[in-house]
Each structure stands twice: as C-alpha cells, then as structure tokens.
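All chains are named by letter (A, B, ...) in the order of the sequence lines, taking the proteins before the strands, and each is independently numbered beginning at 1.
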There are 2 protein chains.
Amino acid sequence: MTADIERLLDETGWQLLQALQENARLSFQALGQRVGLSAPAVAERIRRMEDAGIIKGYRAEIDTALIGLPITAIVRISTPMGERYSQFATTAPEIAEVLECYHVTGNDALVMKVAVSSVKHLESLIDRLSVYGQVTTSIVLSAPVTHRTITRQTLQPPEDER
Amino acid sequence: MTADIERLLDETGWQLLQALQENARLSFQALGQRVGLSAPAVAERIRRMEDAGIIKGYRAEIDTALIGLPITAIVRISTPMGERYSQFATTAPEIAEVLECYHVTGNDALVMKVAVSSVKHLESLIDRLSVYGQVTTSIVLSAPVTHRTITRQTLQPPEDER
DNA sequence: AGTGAAACATAAACGGG
DNA sequence: CCCGTTTATGTTTCACT
C-alpha cells in the first residue's frame, strides 16, 4: 500500500468507502452530511480515490433469480490444462453465463460462478466447459453472504495474527 | 419470472439495467439520453425495478489489493457438517474476511471468497474456519472475469439448450 | 406510460483561506 | 486540503396526453 493511498484512507476516507459500498448512488451532499464535510470536499476526495484506483467502479446489483436465471452454480475446472489455460482466460469473458472466473492455485486451476436459466442450460454449459478440463459443479442452495462491505476492520487481524 | 417483472424487462428496461451495471452513478438525465426517454420516465422505471427487487442495490467496487488486502482466496469447507451448517450460516456474516459465502450441493458444503492482508492472516483465518469442517484453500492468481454485466443475451441459451 | 415545464436540489468550477 | 459562492445540471412534481 503506497503512502499516496494511505493518505486517502483516514477515518473519513473509510467512512466514504463504506457509505458508497452500501449505496453507490448517494449524492455528494448526503455523503457530506454523514462524514461531516461539505459536498465539494467529498467530491474531491472521491475523485482522488477513483484516480488512485481504490474505487474501481459503481455497479447496480441485479437479482439473477428474479430475471430468469434461477440457478447459480460454482463450477471448478481441474486437470492440468497447460497452454489451454491462457486460451481459456481469453474465452471466459465471452461465455455469457460466467459471472466471475478466477485462476487459482491448487488442483483446481479455475473456479467460476455461473448463472443459468434451467438445468438443461446448465448441462449445455458444462458440456462447453468440459473441453478445458475436468468439471466439478456445485449448485448454490443459499448465500449467507453475497457482497460483504469492506471496512477498516477487515484489514485488522487480531494482534498476534498480522 | 412473474408477468409483473416481465413487463419491466422490455428493450428499454434491459438497456437501463445494463447502463446501471456499468456505472451505477449515472444521472437519470444521462440514462434518458442513452435509452431515448425523458428523465422523469427513467426515474419511474428505475423505481419500479427497485420495488420489484430486480435491482437489489448499488455498490462501489473496491480494489482489495490496493487497500491492504493483497491476497484473495477461494476457501471450501467439506466434511458433513450436520447442524453445524446452520450455525455457520449465522456466523459467516460476522467473519470480516468473508466477502462471499455460498451453501452448495456436493461434497463441499460451503464455498467462500475471502480477502486477507498476509499469509499469516490467511493461516489464522483457516484455523478459525477449520472448526466447521475440512478446509480447502485456493489462492487467487488472477481474475479473467470479476463482475460480468448481465444482459438479455445471458438468458438466451442456443435454441436446443433451453 | 410517457412528456414538458416549473420549482427545487445537487453538482462542478473557481477563488480564498 | 477544505469551505463558500456562482453557474450549470439534475431531480421531482404536476398538469396533460
């Protein structure tokens, strides 16, 4: 963490980040009231956090189940893939059903979160993915945590665990 | 998908959803220009999508690596957990490092995405989690896809796969 | 469901401390 | 680095279609 970024993350910076994680459409004025700053001051701080790359963007969160994608699954692709990995890294973004994709250590080279409209749709997706390695599919039953808000606290493991 | 919701998801509705997934801070006026509607009309449509639950919220996306959480990992907890699962479902939201947590089918009862500040921090987290079952940890090396924008197309598997 | 205009609120730009 | 003011934009309400 550069000194540059550390300077932005004082108490006020964290309060702004937290507020924007909870509701990204809050006005600068509303944000200012929460943190005790004027709207222009807030606007400047947020612009700097955007420029520094701390804030990567603002996104509406959509209920996939409600709009016709009732099944969410975690799909892992294991098997040594060799050069097929770099190929997959470029094709993954083109598979519409893949909401998230991670290249990870360990036996499973790839872990993905996917959303599909039916079991048949899931089957066809698995077929398409099995070209790249052995596919393991786990259907999501429930999600106790979806998008945890990151706070200053998240960074602070207990004293003896840093 | 109820008829109620289907009515909101015409061409314009999808365009608005897409725009808000890309930039949740766009003004109603700016959105209106994109979709060829007046600002009040856009405000109404969005309010209805919020009320229907299609839009669950608006969140700032934070770069975890930049703010002191350089390690992201996918953690799975396997092992039959029996009644310990329901216990975990309530404690998971209290573990600050857990960004997402899913209860899934298959051998691994739980899949989580976590962010930590160091290897030592990761170790301590794994220790805390191992109470609930056998823990498998995969460190994220890269993320070819992080938050895919859901479009109408996502819903439309090829003809013979519906 | 959508428009256009008016009243109101918020944002951006700029100067001052 | 923050505040306050001014000018430009954006939001909301409402009468009308």
Only counting residues at least two apart or in another chain, list the ones meeting salt bridge (charged side-chain N to carboxylate O under 4.0 Å, His left out) with [X].
X       : result
A:Arg59 : B:Glu61
A:Asp10 : A:Arg45
B:Glu50 : none
A:Glu11 : A:Arg152

Below 3.5 Å between N/O atoms, which protein atoms pair up with nucleotides 2-4 of chain D? Just atom names and distances, please.
{"from": "D:dC2", "atom 1": "OP1", "to": "A:Arg45", "atom 2": "NH1", "distance (Å)": "2.8"}
{"from": "D:dC3", "atom 1": "OP2", "to": "A:Ser38", "atom 2": "N", "distance (Å)": "3.1"}
{"from": "D:dC3", "atom 1": "OP2", "to": "A:Ser38", "atom 2": "OG", "distance (Å)": "3.0"}

Taking only residues two or more places apart in sequence or in another chain, which ones pass side-chain hydrogen bond (donor to acceptor under 3.5 Å, both in side chains) with [X]?
X        : result
B:Ser142 : A:Tyr85
A:Arg34  : none
B:His147 : none
B:Gln33  : none

> Which part of the nucleic acid, if any, lies within contact of B:Arg7, taking any heavy atom under 4.0 Å across all strands shown: a base, the sugar-phosphate backbone alone, or nothing?
Replying inline: sugar-phosphate

> Through what angle, rounded to 10 degrees, does the axis of the helix from C:dA1-D:dT17 to C:dG17-D:dC1 turn between its ends, using five pairs per end?
Replying inline: 30°

> In Å, rounded to the nearest 0.5 Å, how long is the span from OG1 of A:Thr12 to CG of A:Leu31?
Replying inline: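 Rounded to the nearest 0.5 Å, the OG1-CG separation comes out at 12.0 Å.
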
> salt bridge (charged side-chain N to carboxylate O under 4.0 Å, His left out): which pairs involve residues 130-146 of chain A, sequence neighbours left out?
Replying inline: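 Qualifying pairs: none.
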
> Atom CD1 of B:Ile46 to atom C1' of C:dA1: distance rounded to whole Å?
Replying inline: 15 Å

> Which whole-number value in Å describes the distance from A:Leu31 CG to C:dA12 C1'?
Replying inline: 16 Å

Check: protein-nucleotides 7-10 of chain C nitrogen or oxygen pairs below 3.5 Å:
{"from": "C:dT10", "atom 1": "OP2", "to": "A:Gln29", "atom 2": "NE2", "distance (Å)": "2.4"}

